[in-house]
Amino acid sequence: MIYRIENPDQGIWHACQLTEAQDDAVCVELTQFKEQFKAHLHGVIRNISIKMKKHEDEAIWIRIAWGDNFSKPNHLKPTYIVHHLHTSYVFISNLMAKHKIFLCQALVIATKHGSIKDGLLSTKSLTAMRDLLLRRYQQVFPNAHSRLLQERNTLPSHPCIGKEHRDHEEIRHQMACEAFGHGVTPKLETAVYRLETRYKGNGNYSLSDKEEFFRGVVRFSSSSLLESLRHCVASGMAEGPVTPLLSAITQRGRNYFVITDKGPGVSSQASAQRA
């Protein structure tokens, strides 16, 4: 447990979001959370080992070694859970499908929520995940430059070409920071877009009589994806304003999306399996 707390950016972490908070959810204390969480899991699984530790950043770290009615807990393949009380996010690493329902039930009961859903965000870095979802990175909010860029996204024509170029650079930098943050960005490595669309012709009619979707996957990868995207926009390599397909990574706190014909922009499906 101590080793994982000191080295959080190991393995693959998945984000889940608690929903339908009860009126007294904001009053849940650490002792109460521990008692209800452990009581539920011990009530449904005979052989299970649960360790909890509150870290200095107020995060509750949970280590679960799973067993069953016939075998002892397997301490070689534990599940790790990180939760900050009174937030709606839970971060989970190394959870097997057969244990998911038990863990979700325990989290919902202990935090006094109605349900929990897939956050559609996964990464090797727990630090990046928490910074993104808990808004711990330096955000930049829209100003007049954003509207100006949308109104004049053309090549410079003013006699003072140099000044106009500098103005364009400032605007591009502003919009890049609005979309992806300023300073050090959360270190995400991938963003996945799953396509479920149909070929369309003139008049928006389908080019195929079949009802089946054309399916494909687009994956963006980088050692620091948000930093790379911000540089592309700020340097003019990508045209502004930033498309919602990319800005949704920070605005919605996700890196897995499903694009369909049913609506504009990005449509997410919590039931879809991560690529």
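A donor-acceptor contact shorter than 3.5 Å is absent between the side chain of His14 and the backbone of Val90. Using modelled atom types, no side-chain atom of Asp118 and backbone atom of Cys16 make a donor-acceptor pair closer than 3.5 Å. The backbone N or O of Ser224 sits less than 3.5 Å from a side-chain atom of Ser228, completing a donor-acceptor pair. The main-chain N or O of Ser49 is never found under 3.5 Å from a side-chain atom of Arg63 such that the two would form a donor-acceptor pair. Between the side chain of Asn255 and the main chain of Ser122, a donor-acceptor pair closer than 3.5 Å is present. A donor-acceptor pair is defined here as one N or O able to donate and one able to accept, closer than 3.5 Å; such a pair exists between the side chain of Arg230 and the backbone of Gly181. Judged purely by atom type and a 3.5 angstrom limit, Asp24 has no side-chain atom pairing as donor or acceptor with the backbone of Lys112. Formation of a donor-acceptor pair under 3.5 Å by the Asn94 side chain with backbone atoms of Pro78 is found in this model.
Of all non-hydrogen atoms in Ile92 and Leu103, the two that sit nearest each other are CD1-CD2, 3.9 Å. Closest of all the heavy-atom pairs between Pro241 and Met175 is CB-CE, 3.3 Å. In plain terms, the two heavy atoms of Ser115 and Glu20 that are nearest each other are OG-OE2, 3.5 Å. Across Ile12 and Ser93, no two heavy atoms sit closer than the pair O-OG, 3.3 Å. Nearest heavy-atom pair, Gln36 versus Ile109, reported as atom, atom and distance to 0.1 Å: OE1-O, 3.1 Å. Here the closest heavy-atom approach between residue Met129 and residue Leu121 is recorded as CE-O, 3.5 Å.
Linking Ile, Leu, Val, Met, Phe, Trp and Tyr residues whenever their side-chain heavy atoms come within less than 4.5 Å places Leu134 and Trp61 in a single cluster. By the rule that hydrophobic residues join a cluster once side-chain heavy atoms approach within less than 4.5 Å of another member, Ile116 and Leu85 end up as members of one cluster. The cluster map of Ile, Leu, Val, Met, Phe, Trp and Tyr, joined by side-chain heavy atoms under 4.5 Å apart, puts Phe70 and Ile45 in different clusters. Residue Leu30 is grouped with residue Ile64 when hydrophobic side chains (ILVMFWY) are merged at heavy-atom distances under 4.5 angstrom, including chains of intermediate members. Under a hydrophobic-cluster definition in which Ile, Leu, Val, Met, Phe, Trp and Tyr are linked whenever side-chain heavy atoms come within less than 4.5 Å, directly or via other members, Leu133 and Ile60 are assigned to different clusters.
Side chains of Tyr80 and Gln10: a donor-acceptor N/O pair is absent below 3.5 angstrom, by distance only. A donor and an acceptor atom, one from each side chain of Glu178 and Gln174, are located under 3.5 Å apart.
More than 12 heavy-atom neighbours from other residues, nucleotides or ligands sit within 6.0 angstrom of CZ on Arg135. At most 12 heavy atoms of other shown residues, nucleotides or ligands fall within 6.0 angstrom of atom NZ in Lys124. Atom NE2 of His113 has more than 12 heavy atoms from other residues, nucleotides or ligands within 6.0 Å. At most 12 heavy atoms of other shown residues, nucleotides or ligands fall within 6.0 angstrom of atom CE in Met237. A 6.0 Å sphere centred on CG of Asn7 holds more than 12 heavy atoms belonging to other residues, nucleotides or ligands.
The structure places NE2 of His55 at 11.0 Å from CD1 of Ile2, a figure rounded to the nearest 0.5 Å. Between the CG atom of Leu107 and the CG atom of Leu18 there is a distance of 6.5 Å, given to the nearest 0.5 Å. Summarising the geometry, atom NZ belonging to Lys187 is positioned 10.0 Å from atom OG1 belonging to Thr123; distances are rounded to the nearest 0.5 Å. In this structure, CG in Leu226 is found 6.0 Å from CD1 in Ile249, a value given to the nearest 0.5 Å. Of the inter-residue distances, the one linking His231 atom NE2 with Phe180 atom CZ reads 13.0 Å to the nearest 0.5 angstrom. Atom CD of Gln105 and atom CZ of Phe37 lie 11.5 Å apart (nearest 0.5 Å).
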Before giving the answer on side chain to side chain contact (heavy atoms under 4.5 Å, CB included), spell out for Ile62 and Ile50 the whole-Å C-alpha distance, their side-chain angles and the decisive distance to 0.1 Å.
CA-CA 7 Å; Ile62 307 171; Ile50 305 172; 4.1 Å; yes

Evaluate Lys77 against Met96 for side chain to side chain contact (heavy atoms under 4.5 Å, CB included), listing each step before the verdict.
CA-CA 10 Å; Lys77 296 182 179 180; Met96 296 180 64; over 6 Å; no

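At least one side-chain heavy atom of Leu132 sits less than 4.5 Å from a side-chain heavy atom of Thr250. At least one side-chain heavy atom of Arg130 sits less than 4.5 Å from a side-chain heavy atom of Val82. Using a 4.5 Å heavy-atom cutoff, the side chains of Val192 and Tyr256 are in contact. Between Phe220 and Leu188 the shortest side-chain heavy-atom distance does not fall below 4.5 Å. Contact annotation: the side chain of Ile259 approaches that of Leu245 to within less than 4.5 Å [non-hydrogen atoms, C-beta and beyond]. Side-chain contact check for Thr111 versus His83: some heavy-atom pair is nearer than 4.5 Å.
Taking the six-membered ring for Trp and thresholds of 30 and 60 degrees, Trp66 and Phe102 have ring planes inclined between 30 and 60 degrees apart. Using cut-offs of 30° and 60° for the angle between ring planes, the His84 and Phe91 rings count as perpendicular.
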